[in-house]
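Okay, so here's the structure we're looking at.
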Amino acid sequence: HILVGVRMTVMLATTITQSRAIVERCEKAYMTCFKKGVFGRSDYEVRATALVYYVLRERNLPYSLNEICQEFGVKRSLVVKQAKSIARLFNNPGVFSLANNIGMVEKHAERLGGLQLSRTCGLLYSFFERVMEEHQENFRPYTHGGILYLGSVCDYRQFTQTQVAETVGCTQRTIQVESSRLLKMVGKTRKQIEGK
């Protein structure tokens, strides 16, 4: 049982990241959780997904829960419940509130349009970080999608809001709302930022 669980966890971790340190951390964490009885009667897939999700959040790496759950096709609710138990065991319940927005922006930008778009979006993120502070606004779960769309407009790319939404994993409406909110903060329209 232990071997099957560890093997599935390692397999999932190596599918998501090539980092040997993360894979080793997953192996050790699995053994600790198993010995302490954290897993209960959960399936191997749920255990592996929850553990890998926890370790990635522990390192504040830009991977969403949806991306990790896709591999085994497990229910998000089961993974979240299991991951919270793991976080409590390691005395780290605040780990899921950490947000790596810049990492998400750069990762999705590179996937959508390459390194140049990733650089543009990184600069745009830094700009909006200051603007949001001035306006006392907060980053929302898909604000990085709005930044990604505006970055593509600034770079004269022809990516639609739907293409950005598919890359980020949300709806086209969410991208529209977030990009409009960001533009409103700086008092600009889409045409005014094109190519700038």
Side-chain angles (χ1 to χ4, degrees), residues 12 15-17 45-46 49-50 52-54 56-57 60-84 95-196:
L12 178 60
T15 304
I16 290 169
T17 176
E45 292 86 354
V46 173
T49 307
V52 170
Y53 178 56
Y54 169 77
L56 291 171
R57 294 306 299 143
N60 200 15
L61 294 172
Y63 293 93
S64 68
L65 180 58
N66 284 343
E67 286 176 279
I68 300 163
C69 286
Q70 275 175 351
E71 198 60 39
F72 290 131
V74 291
K75 280 187 177 176
R76 282 174 52 114
S77 56
L78 295 173
V79 172
V80 168
K81 188 178 176 186
Q82 187 78 80
K84 284 181 178 176
V95 73
F96 303 112
S97 60
L98 294 171
N100 187 349
N101 291 306
I102 183 71
M104 290 297 250
V105 167
E106 289 175 342
K107 182 180 85 166
H108 290 306
E110 193 172 331
R111 186 185 296 164
L112 186 67
L115 221 50
Q116 179 54 47
L117 181 61
S118 180
R119 284 191 196 107
T120 301
C121 291
L123 292 169
L124 204 56
Y125 173 86
S126 300
F127 170 73
F128 275 113
E129 206 172 28
R130 288 193 304 274
V131 170
M132 283 191 171
E133 217 172 274
E134 289 166 16
H135 285 79
Q136 295 181 337
E137 288 273 353
N138 291 324
F139 276 91
R140 295 177 184 166
Y142 290 105
T143 301
H144 65 278
I147 290 173
L148 178 52
Y149 175 68
L150 295 179
S152 73
V153 171
C154 290
D155 254 9
Y156 275 128
R157 305 291 180 103
Q158 297 302 313
F159 296 118
T160 63
Q161 290 178 347
T162 307
Q163 286 173 302
V164 172
E166 284 169 5
T167 303
V168 173
C170 65
T171 64
Q172 180 266 331
R173 176 85 181 124
T174 305
I175 299 298
Q176 187 180 19
V177 167
E178 281 304 309
S179 53
S180 298
R181 181 172 82 104
L182 294 169
L183 285 171
K184 192 176 174 186
M185 280 183 218
V186 291
K188 302 277 182 195
T189 64
R190 185 188 176 283
K191 286 233 180 281
Q192 289 173 317
I193 68 160
E194 218 166 331
K196 300 223 166 73

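Note that the numbering runs from 1 along the sequence shown for the chain.
Side-chain polar atoms of Glu178 and Thr143 form a donor-acceptor pair below 3.5 angstrom. The closest side-chain donor-acceptor pair between Gln161 and Gln172 falls under 3.5 angstrom.
The main-chain N or O of Met185 is found under 3.5 Å from a side-chain atom of His135 such that the two form a donor-acceptor pair. Under the 3.5 Å distance criterion, the side-chain polar atoms of Thr174 are left unmatched by any main-chain donor or acceptor of Cys170. In this structure, Thr167 contributes its side chain and His108 its backbone to no donor-acceptor pair below 3.5 Å. Judged by distance alone, the side chain of Arg76 and the main-chain N or O of Leu65 form no donor-acceptor pair under 3.5 Å. Judged purely by atom type and a 3.5 angstrom limit, Thr49 has no side-chain atom pairing as donor or acceptor with the backbone of Val46.
The residues Glu67 and Arg111 are annotated as salt-bridged, a charged nitrogen and a carboxylate oxygen being separated by less than 4.0 angstrom. Ion pairing of Glu137 with Arg181 is present here, as a side-chain N (NZ or NE/NH1/NH2) and a carboxylate O approach within less than 4.0 Å. Between Arg130 and Glu134 there is no salt bridge, since none of the side-chain N atoms of the basic residue sits less than 4.0 Å from a carboxylate O of the acidic one.
Contact between Met104 and Tyr63 at its shortest, heavy atoms only, is SD-N, 4.1 Å. Nearest heavy atom pair, residue Cys121 against residue Gly151, reads SG-CA, 3.9 Å. Between Ala109 and Ser118, the shortest heavy-atom contact is CB-CA, 3.6 Å.
The cationic group of Lys84 does not satisfy the cation-pi geometry with Tyr54, failing either the under 6.0 Å distance to the six-membered ring centre or the 45° limit from the ring axis.
Between Asn138 and Met132, every side-chain heavy-atom pair lies at or beyond the 4.5 Å cut-off. Using a 4.5 Å heavy-atom threshold, the side chains of Tyr142 and Val177 count as separate. Under the 4.5 Å side-chain criterion, counting only non-hydrogen atoms from C-beta, Tyr125 is not in contact with His144. In this structure, the side chains of Val186 and Val131 come closer than 4.5 Å at one or more pairs of heavy atoms. Counting heavy atoms from C-beta on, the side chains of Leu117 and Arg157 come closer than 4.5 Å. Residues Leu148 and Val105 form no side-chain contact, since every pair of their non-hydrogen atoms from C-beta on lies 4.5 Å or further apart.
Rounding to the nearest 0.5 Å gives a distance of 14.5 Å between OG1 of Thr189 and NZ of Lys184. Interatomic distance, Leu150 CG to Thr120 OG1, rounded to the nearest 0.5 Å: 12.0 Å. Atom CD1 of Ile193 sits about 10.5 Å away from atom CG of Asp155, to the nearest 0.5 Å. Considering CD1 of Ile147 and CD1 of Ile175, their distance stands at 10.5 Å, rounded to 0.5 Å. Note: Phe159 CZ to Leu112 CG = 4.0 Å, rounded to the nearest 0.5 Å. Expressed to the nearest 0.5 Å, how far CD1 of Ile102 lies from OG of Ser126 amounts to 5.0 Å.
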Starting from the C-alpha separation in whole Å, work towards a yes-or-no answer on side-chain contact (heavy atoms from CB on, under 4.5 Å) for Leu12 and Ile68. CA-CA 8 Å; Leu12 178 60; Ile68 300 163; 4.2 Å; yes

What do the steps show when you test Leu115 against Glu110 for side-chain contact (heavy atoms from CB on, under 4.5 Å), and what is the final call? CA-CA 5 Å; Leu115 221 50; Glu110 193 172 331; 3.7 Å; yes

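Across Thr160, Val168, Thr162, a single residue satisfies side-chain contact (heavy atoms from CB on, under 4.5 Å) together with Val164, and that is Val168.
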